[in-house]
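Heads up, the thing below is written out as structure tokens.
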Amino acid sequence: MTGILINTQITILTYLSVGFILYKIKMIDNNAQLFLTELTLSVLLPFSVFVSFVNNMSVDLLVKLSTILIFATAVEIVLFFATKIPKDKLFTKTEQSCVNYGLLVSNGALIGSPVIESLFGPIGVMYCNVFLIPIRILAYSAGESFYNPSAKKGWKDIARALLTNKILDAMFLSFFFIVLNITIPAPVLTAFSKIGAATSPMSLILVGSMLAQKITINLDVLKKVGIITGLRLIVIPLFMLCICKVCGVDFETTAVMTLLMGMPVGSTCATFAKKYRGNEEFASLVVFFTTILSTGTLVLLMRIIEMVF
């Protein structure tokens, strides 16, 4: 598995480099990034999720997916309470918004999906997207409250956001097809599969273009970025690994959940900072360094998981 992941990370770095270069030579600009984000999250990824569920769902798998959702929810609750710990001595008020958001929300959709799919195939895509359900909820509800405390999001707002989430809609639609035993014509399913297959390269090229945006680095800020990077890429996933081992979770499920918990800070961290005039520079640095360093830490985590099992 470690060897496969190393090759995958090299591939990911290549895609990131392509996106980086395309931004620098102005083939991708901010408007193009918005389009690619919408295309990836609203079209490509939902198709990938739908095909994975329709082709691979079974009773045994449904039980495992339920287990994954329970674990993901429990860990996110723990992390949510961790955001309540005072951080005034380490970070400014605007930096704390980025840190708290980074603890809760990883880039599991754009980077996690390609990594997990490379290791576990279409079933891995199912694991990944079920695991990300509570993260997606918090990305909208708790995330916005970190950057804009005056915004009060009620349950109706959260429910509306979930019902209009294309990825979750794709999951529910696939269950509808499975329950009613609706057969999709082979040529149509093939087309769906091809569209979904474009998710990985497109999402990684998009992330690479985001990393190409100008950032300023100084030693004091770098130390602070190092703290959130260590928590996001090492401490949190190892915490997940310990829980899985104590609870007797199998290797495959443990690997998926641990690696997803070790994903870099979600790119929306910088998006929220920009939207609400927060510390956009610090948020961009956090996204940049966690993304680049995750290509190495994920390999390390996979090696640790293999040693534990």
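The basis for the numbers below is simple: all heavy atoms, side chains too, and nothing from hydrogens, waters or symmetry mates.
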Looking at side-chain heavy atoms only, is the closest gap between [X] and [Y] below 4.5 Å?
| X | Y | value |
| --- | --- | --- |
| T40 | S203 | yes |
| Y23 | N30 | yes |
| L104 | I135 | no |
| V225 | V221 | yes |
| T73 | L69 | yes |
| K87 | N100 | yes |
| Y101 | V286 | no |
| M210 | T291 | no |

**Report entry** No-hydrogen, no-angle side-chain donor-acceptor test under 3.5 Å, E117 and S113
**Finding:**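 Note: E117 and S113 side chains miss the donor-acceptor criterion.
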Atom pairs and distances, donor-acceptor, side-chain atoms in residues 1-12, under 3.5 Å, two or more places apart:
unit_1 : atom_1 : unit_2 : atom_2 : d
T2     : OG1    : E306   : OE1    : 2.3
T2     : OG1    : E306   : OE2    : 3.4
N7     : ND2    : G3     : O      : 3.4
T8     : OG1    : I4     : O      : 2.9
T8     : OG1    : S118   : OG     : 3.0
Q9     : NE2    : S294   : O      : 3.4
Q9     : NE2    : T295   : O      : 3.2
T11    : OG1    : N7     : O      : 3.0

Would a line drawn from the ring center of F50 to the ring center of F177 be shorter than 6.0 Å?
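For F50 and F177, the ring centres are under 6.0 Å apart.
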If two hydrophobic side chains count as joined below 4.5 Å and joins carry through other members, does [X] share a cluster with [Y]?
| X | Y | answer |
| --- | --- | --- |
| I184 | F176 | yes |
| V130 | I70 | no |
| L180 | F172 | yes |
| F71 | F81 | no |
| L260 | I77 | no |

Could you pull out the closest heavy-atom pair between [X] and [Y], with the gap in Å?
| X | Y | answer |
| --- | --- | --- |
| V265 | T290 | N-OG1, 3.2 Å |
| M126 | S52 | SD-O, 3.3 Å |
| N279 | E95 | ND2-CG, 3.6 Å |
| L90 | K224 | O-CE, 3.3 Å |
| L233 | G262 | CD2-O, 3.3 Å |
| T199 | G196 | OG1-O, 2.7 Å |

Measure the spacing between [atom1] of [X] and [atom2] of [Y] and express it to the nearest 0.5 Å.
| X | Y | atom1 | atom2 | value |
| --- | --- | --- | --- | --- |
| F289 | I228 | CZ | CD1 | 14.0 Å |
| I116 | L259 | CD1 | CG | 5.0 Å |
| L34 | L206 | CG | CG | 9.5 Å |
| L293 | F288 | CG | CZ | 9.0 Å |
| L62 | S66 | CG | OG | 4.5 Å |
| L173 | I178 | CG | CD1 | 10.0 Å |

Item checked: Test side chain to side chain contact (heavy atoms under 4.5 Å, CB included) applied to F53 and L65, step by step -> CA-CA 11 Å; F53 275 77; L65 293 176; 4.1 Å; yes
What verdict does the side chain to side chain contact (heavy atoms under 4.5 Å, CB included) test give for F131 and M261, after you've listed the backbone C-alpha separation in whole Å, the side-chain angles of each residue and the deciding distance to 0.1 Å? CA-CA 10 Å; F131 187 86; M261 273 298 174; 3.8 Å; yes
- Task: Examine distances only and state if a side-chain atom of R232 and a backbone atom of L103 form a donor-acceptor pair shorter than 3.5 Å.
- Result: yes
Judged by atom type as modelled, is there a donor-acceptor pair below 3.5 Å linking the side chain of R303 to the main-chain atoms of L298? no
Would F282 and V99 count as a side chain to side chain contact (heavy atoms under 4.5 Å, CB included) here? Give the steps. CA-CA 10 Å; F282 183 76; V99 173; 4.1 Å; yes
Do any side-chain atoms of residues 235-257 form donor-acceptor pairs under 3.5 angstrom with protein atoms, and if so which ones, sequence neighbours left out?
unit_1 : atom_1 : unit_2 : atom_2 : d
D250   : OD1    : T253   : OG1    : 2.9
D250   : OD2    : E252   : N      : 3.2
D250   : OD2    : T253   : N      : 3.0
D250   : OD2    : T253   : OG1    : 3.1
E252   : OE1    : Y127   : OH     : 2.9
T254   : OG1    : V249   : O      : 3.4
T254   : OG1    : D250   : O      : 2.8

When you look at CE of M202, are more than 12 heavy atoms from neighbouring residues, nucleotides or ligands closer to it than 6.0 Å?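 Atom CE in M202 is not packed in, count stays at 12 or less.
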- [ ] Apply the test side chain to side chain contact (heavy atoms under 4.5 Å, CB included) to residues L204 and L110: give CA-CA distance (whole Å), side-chain angles for both, the deciding distance (0.1 Å), then the verdict.
- [x] CA-CA 7 Å; L204 294 169; L110 296 180; over 6 Å; no
